[in-house]
Amino acid sequence: MQLYGTEIASRLMLGTAQYPSPHVLAEAFRRSGAGIATVSVRREAGGERAGAAFWDLVRELGVALLPNTAGCHSVREAVTTAQMARELFDTNWIKLEVIGHADTLQPDPFGLVEAARILSEDGFRVFPYTTEDVVLAERLLAAGCEVLMPWGAPIGTGLGLTNIYGLRTLRAQFPEVPMVIDAGLGLPSQAAMALEMGFDAVLLNTAVAKAGDPAGMAEGFARAVEAGRLAFEADPMEPREMAAPSTPVIGKAFLA
Amino acid sequence: MKIMINGTATEVGAETLDAILAELGYGDAKLATAVNEDFVPATARADTRLAPGDRVEIVTPRQGG
């Protein structure tokens, strides 16, 4: 899988927040096989070393870093946060979040497109956290995005793919654009479904970090992602309404 | 002068951003800065003079989803 010209081996991307301990985080990453980790920037007081400790931890993971603009509600806030993240993490990749609604954490589509344009023109490689809206996707691509990150469900809900029709339409409309299902997944089966539908990857955080055994869940997702991708590449059969015997009818012993 | 550091009113003696960071004990920490909501790159900190009431944000790498 190529994202902005970079070959990424794993189709599973993992967040770094909410783990019970740094050790569990590292173990979850190891068993997930994830090639990309999302990170953020947050305030720090002088004399604190929280940032330095976390920086040492993520560097040891040996994965590519994708900083986010989580929690930003305005274009200006998101742009400034992205600029700080670029300097801090030494990457022009940015997972762009411009949040539009406090309860659903759904993107503000208008702010998202504007911020995506500003950042793309400034040399960023933008990974926009978006909805399944096809028109919005078109605008984001026109603004310079070469990857889309549609939500499965609102962040942290674990509801899975709540709008299958919309996601299928989005996938079909832009078959060449790499798409990562970002947010809302809770179970490996949901990730497998996303990959079976032709989505290129999934990004998880809460589903793994808040599981009773994060490392075990990370491996579960890794296998599901692999299974889903294999199924997609294998060209699944068409479903049908009526039964069709799989065992040959001809040659059956006449015993009635 | 009194400026806002990460949302907290703080009295500082220094006037430039790099000197203020040193005064507040950030040392050589890996951090990024913004003044009055605009990004200030590390290379511009020595030339960035602050005025009373300016709002400084100082961030470091952190967990994210």
Side-chain angles (χ1 to χ4, degrees), chain A residues 13-19 22 25 37-59 65-71 74 76-77 79-90 95 97 105 122 129 155-156 182-183 203-209, chain B:
Chain A
M13 299 157 66
L14 203 51
T16 55
Q18 307 185 87
Y19 292 84
L25 185 161
T38 52
V39 291
S40 75
V41 302
R42 286 293 180 264
R43 286 170 165 178
E44 181 159 295
E48 263 188 304
R49 303 300 289 173
F54 178 68
W55 177 240
D56 290 341
L57 176 68
V58 291
R59 273 194 306 182
L65 297 182
L66 176 59
N68 68 27
T69 64
S74 74
R76 189 176 187 197
E77 206 181 0
V79 168
T80 301
T81 301
Q83 289 166 332
M84 292 195 290
R86 176 164 62 179
E87 185 178 84
L88 212 42
F89 294 105
D90 195 26
K95 178 188 158 186
E97 293 184 31
L105 297 181
D122 190 20
Y129 163 62
I155 296 170
D182 173 15
L203 168 53
L204 314 163
N205 194 155
T206 312
V208 168
Chain B
M1 65 180 161
K2 195 167 271 186
I3 58 175
M4 298 298 284
I5 300 285
N6 286 344
T8 303
T10 307
E11 186 68 34
V12 294
E15 289 182 352
T16 61
L17 184 54
D18 64 339
I20 288 169
L21 291 173
E23 182 182 329
L24 294 174
Y26 285 94
D28 59 353
K30 187 174 183 60
L31 53 82
T33 51
V35 174
N36 298 336
E37 291 80 48
D38 284 327
F39 171 58
V40 178
T43 50
R45 285 178 203 151
D47 297 326
T48 302
R49 302 190 78 80
L50 299 191
D54 277 350
R55 298 174 303 281
V56 179
E57 293 288 328
I58 303 163
V59 297
T60 62
R62 216 53 65 86
Q63 295 83 350

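Numbered from 1 within each chain, the chains take letters A, B, ... in sequence-line order.
Across A:Arg43 and B:Asn6, no two heavy atoms sit closer than the pair NH1-O, 3.1 Å. Across every non-hydrogen atom of B:Ala34 and A:Thr80, the tightest pair is CB-CG2, 3.8 Å. Listed here is the closest heavy atom pair of A:Ser40 and B:Gln63: OG-O, 2.7 Å. A:Ala17 approaches B:Gly65 most closely through the heavy-atom pair CB-N, 4.4 Å. Taking each heavy atom of A:Val41 and B:Val59 in turn, the nearest pair found is CB-CG2, 3.9 Å.
Note: B:Asp38 leads B:Ile5, B:Asp38, B:Thr8, B:Leu24 in heavy-atom pairs under 4.5 Å with chain A. Interface check for chain B: of the options A:Val39, A:Leu65, A:Leu203, A:Leu204, the most heavy-atom pairs under 4.5 Å are formed by A:Val39. Between chain B and the options A:Asn205, A:Thr16, A:Asp182, the largest number of non-hydrogen pairs under 4.5 Å is found for A:Thr16.
Proximity to chain A (any heavy atom under 4.5 Å) is restricted, for B:Thr33, to the backbone atoms N, CA, C and O. With a 4.5 angstrom heavy-atom cutoff, A:Ala70 does not touch chain B via any of its atoms. At a 4.5 Å heavy-atom cutoff, the contact between A:Arg49 and chain B is made by side-chain atoms alone. In this structure, chain A has heavy atoms under 4.5 Å from both the backbone and the side chain of B:Ile58.
Between atom CD of residue A:Glu44 and atom CD of residue B:Glu57 there is a gap of 13.0 Å, rounded to the nearest 0.5 Å. If you take OG1 on B:Thr60 and CH2 on A:Trp55, they are separated by 11.5 Å, rounding to the nearest 0.5 Å. Here A:Glu87 contributes atom CD and B:Phe39 contributes atom CZ; the two are 4.0 Å apart, rounded to the nearest 0.5 Å.
Side chain of B:Lys30 to backbone of A:Leu88: a donor-acceptor contact under 3.5 angstrom is found.
The side-chain heavy atoms of A:Met84 and B:Leu31, taken from C-beta on, include no pair separated by under 4.5 Å.
Salt bridge annotation for A:Glu48-B:Arg62: absent, with no cationic side-chain nitrogen under 4.0 angstrom from a carboxylate oxygen.
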